[in-house]
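These notes concern the structure reproduced below.
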Amino acid sequence: MATKRAFITGITGQDGSYLTELLLAKGYEVHGLVRRSSSLNRGRIDHLRVDEHSPRARLFLHYGDMEDASSLSNVLQEVRPDEVYNLAAQSHVRVSFEIAEYTADVTGLGALRLLEAVRRTVPKARYYQASSSEMFGGVQGEPQDEKTPFHPRSPYAVAKLYAHWQTVNYREAYGMHASNGILFNHESPRRGEAFVTRKITRGVARIKLGLQDKLYLGNLDAKRDWGFAGDYVEAMWLMLQQNEPGDYVVATGETHSVREFLEAAFSYLDLDHREYVEIDPKYYRPSEVDVLQGNPAKAKLVLGWEPRVSFDGLVRMMVDADLAEARREVALGAVEQAPRP
């Protein structure tokens, strides 16, 4: 049987790295889109790379940009993938208020450019769009499922909603196998340091080892449905293995506040967060999303998908990873400060 070929935008991100691991383990040849920049931001996938000229190589990177339709078409023409996963986005919600136009271009119009490139170049390829629970925003019901009305409350969420409906439109208009995964918050040790969960776990680890005195956060009362990114990429893959495309909520079904996440992380290292955490209003959003809780019943029934990592397990996994990183930082500092012979 011929080797399946996948194309991933956003391959250097959290989800892209876990999806790449999954697909390589399943025997895929994986191609990823990367932007040309002055710094190589590929740390999350470096452990997966083999020299592309080696006969063992199954991971290949291509330069392109979600703002450049011709680059997307050119790469697809060269790769001819069986599956396309669009994970690329400006994905920081609070930052999207500051760079709203860029967020709309990359996250919203970027998806349209990719869908059109797929339609014209590899119309038989199966397409996955990374939608977001942020699209529910000012929620119209709890928990949220595939039929809950959307009410986005940030430029990021509006851009994601545009991409979501374009995916539905291309499915209905052109008969493409195009699916949306409405993923609720999913975290891991590979989460970017600007996101609140990673900010907490990195902060508590550094405080524990004396590398940091305080942790500054925003709204502690916001509630989210948090799962493990490594579990969620499996749902992405399962969507593209179905005979028919569709839209799926991917979530744990549980909700926890930022305060609960904070308490779990600090108590795990025997610290009282009240002694170290201060609120900084600059981290509040202009319009807040108070509660998000997903209902993954359809994903469980149709895809046979189940989340494996619990909330407490996720927190501890992230704290452990950041504690190990902080210890390396301490050790490196000790080496640098050691007197030369």
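At a threshold of 4.0 Å, the pair D280-K214 does not count as salt-bridged, since none of the basic side-chain nitrogens sits closer than that to a carboxylate oxygen. Remark: D322 engages R198 in a salt bridge, criterion side-chain N to carboxylate O under 4.0 Å. Ion pairing between a basic and an acidic side chain is recognised when a charged N comes within 4.0 Å of a carboxylate O; E288 and R153 show no such pairing. Using a 4.0 Å cut-off between charged side-chain N and carboxylate O, R202 and E193 make a salt bridge.
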**Audit row: H177, E83, side-chain contact (heavy atoms from CB on, under 4.5 Å) steps and yes/no** = CA-CA 10 Å; H177 194 296; E83 298 173 3; over 6 Å; no
**Message:** For E234 and R308: C-alpha separation, side-chain torsions, deciding distance, then whether side-chain contact (heavy atoms from CB on, under 4.5 Å) applies.
**Reply:** CA-CA 11 Å; E234 184 181 9; R308 298 185 182 92; 2.9 Å; yes
**Asked** What's the verdict on side-chain contact (heavy atoms from CB on, under 4.5 Å) for I11 and L59, showing C-alpha distance, side-chain angles and the deciding distance?
**Response** CA-CA 11 Å; I11 193 170; L59 172 59; 3.8 Å; yes
**Request:** Before giving the answer on side-chain contact (heavy atoms from CB on, under 4.5 Å), spell out for F136 and I182 the whole-Å C-alpha distance, their side-chain angles and the decisive distance to 0.1 Å.
**Result:** CA-CA 10 Å; F136 292 117; I182 308 173; 3.8 Å; yes
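Under the 4.5 Å side-chain criterion, counting only non-hydrogen atoms from C-beta, I8 is in contact with L23. Residues R42 and L61 meet the side-chain proximity criterion, which asks for heavy atoms closer than 4.5 Å. The side-chain heavy atoms of L87 and M236, taken from C-beta on, include a pair separated by under 4.5 Å. L209 has its side chain within reach of L323: a pair of non-hydrogen atoms, C-beta onward, lies under 4.5 Å apart. Within the 4.5 Å cutoff, the side chain of Y276 has no heavy atoms near those of the L215 side chain. Within the 4.5 Å cutoff, the side chain of L72 has heavy atoms near those of the L33 side chain. Put simply, the side chain of E67 reaches to within 4.5 Å of the side chain of V106, judged on heavy atoms. With a 4.5 Å cut-off on side-chain heavy atoms, T148 and V139 do not count as touching.
Among residues at least two apart or in separate chains, ring pair (Phe, Tyr, Trp, His ring centres under 6.0 Å) pairs with a member in residues 74-130 are H92-F195. For residues 281-332, the ring pair (Phe, Tyr, Trp, His ring centres under 6.0 Å) pairs, not counting sequence neighbours, are Y232-W305, H256-F311, F261-F311. The stretch residues 108-120 participates, sequence neighbours left out, in these salt bridge (charged side-chain N to carboxylate O under 4.0 Å, His left out) pairs: D105-R113, E116-R119, E116-R120. Each salt bridge (charged side-chain N to carboxylate O under 4.0 Å, His left out) pair with one or both residues in residues 121-135, not counting sequence neighbours, appears once here: E134-R224, E134-R285.
Distance check, rounded to the nearest 0.5 Å: CG of L262 to OG1 of T201 gives 11.0 Å. Rounding to the nearest 0.5 angstrom, the gap separating the OG atom in S257 from the CG atom in D290 is 12.0 Å. The distance from atom CD of E101 to atom CD1 of I99, rounded to the nearest 0.5 Å, is 11.0 Å. Interatomic distance, E29 CD to T3 OG1, rounded to the nearest 0.5 Å: 7.0 Å.
Under 3.5 Å, the side chains of Q14 and Y18 contain no donor-acceptor pair of N or O atoms. In this structure, a donor-acceptor pair under 3.5 Å is absent between the side chains of N74 and S71.
When atom types are taken as modelled, the side chain of E78 and the backbone of V75 share no donor-acceptor pair closer than 3.5 angstrom. Judged purely by atom type and a 3.5 angstrom limit, T9 uses its side chain to pair as donor or acceptor with the backbone of A88. For S267 (side chain) and A264 (main-chain N/O), a donor-acceptor pair under 3.5 Å exists by modelled atom type. Remark: the backbone N or O of L76 is not paired with any side-chain donor or acceptor of H62 at under 3.5 angstrom. Side-chain atoms of N86 never come within 3.5 Å of backbone atoms of Q129 as a donor-acceptor pair (strictly under, hydrogens ignored). Side-chain N or O atoms of S17 include none that pairs as donor or acceptor with a backbone N or O of T12 at under 3.5 Å. Under a 3.5 Å cut-off, the side chain of S179 and the backbone N or O of G246 do form a donor-acceptor pair. In this structure, K160 contributes its side chain and S133 its backbone to no donor-acceptor pair below 3.5 Å.
Scanning for ring pair (Phe, Tyr, Trp, His ring centres under 6.0 Å) contacts around F60 gives H31, with sequence neighbours left out. Under the rule for a salt bridge (Lys or Arg N to Asp or Glu O under 4.0 Å), D65 has no partner lying at least two apart in sequence or in another chain. Not counting sequence neighbours, the partners of D272 by the salt bridge (Lys or Arg N to Asp or Glu O under 4.0 Å) test are R274. With sequence neighbours excluded, the residues satisfying side-chain hydrogen bond (donor to acceptor under 3.5 Å, both in side chains) with D320 are Y268. Taking the salt bridge (Lys or Arg N to Asp or Glu O under 4.0 Å) definition, one finds that R259 meets it with D221, sequence neighbours left out. The salt bridge (Lys or Arg N to Asp or Glu O under 4.0 Å) search around R44 returns none, not counting sequence neighbours. By the ring pair (Phe, Tyr, Trp, His ring centres under 6.0 Å) test, W165 pairs with no residue at all, sequence neighbours left out. In terms of the side-chain hydrogen bond (donor to acceptor under 3.5 Å, both in side chains) criterion, residue partners of S131 (sequence neighbours excluded) are, by chain and number, H164, N180.
When every heavy atom of S188 is checked against every heavy atom of F228, the shortest pair comes out as CB-CE1, 3.8 Å. Minimum interatomic distance between V204 and A265 (heavy atoms only, all atoms of both residues): CG2-O, 3.9 Å. The minimum heavy-atom distance linking V122 with P81 is given by the pair CG1-CD, 4.1 Å. Residue T121 comes nearest to R80 through the heavy atom pair O-NH1, 3.1 Å, listed as atom of the first residue, atom of the second, then distance. Of all the heavy atoms in P143 and N295, the pair that sits closest is CG-CB, 3.9 Å. Taking both residues in full, the closest heavy atoms of A229 and D15 are given as CB-OD1, 3.8 Å, listed atom of the first, atom of the second, then distance.
Counting heavy-atom neighbours within 6.0 Å of Q241 CD, excluding the residue itself, gives a total above 12. Counting heavy-atom neighbours within 6.0 Å of D46 CG, excluding the residue itself, gives a total above 12.
In the hydrophobic cluster analysis, where Ile, Leu, Val, Met, Phe, Trp and Tyr join through side-chain heavy atoms closer than 4.5 angstrom, L314 is grouped together with F266. Both M317 and V258 belong to a common hydrophobic cluster when Ile, Leu, Val, Met, Phe, Trp and Tyr are linked at side-chain heavy-atom distances under 4.5 angstrom. Hydrophobic clustering, with ILVMFWY side chains joined whenever heavy atoms are under 4.5 angstrom apart, keeps V168 apart from L114. V249 and L238 sit in two unconnected hydrophobic clusters of ILVMFWY residues. Membership requires side-chain heavy atoms under 4.5 Å apart, directly or through other members. Follow the hydrophobic side-chain contacts under 4.5 Å out from M135 and you never reach Y170; the two are in separate clusters.
The cationic group of K4 does not satisfy the cation-pi geometry with Y28, failing either the under 6.0 Å distance to the six-membered ring centre or the 45° limit from the ring axis.
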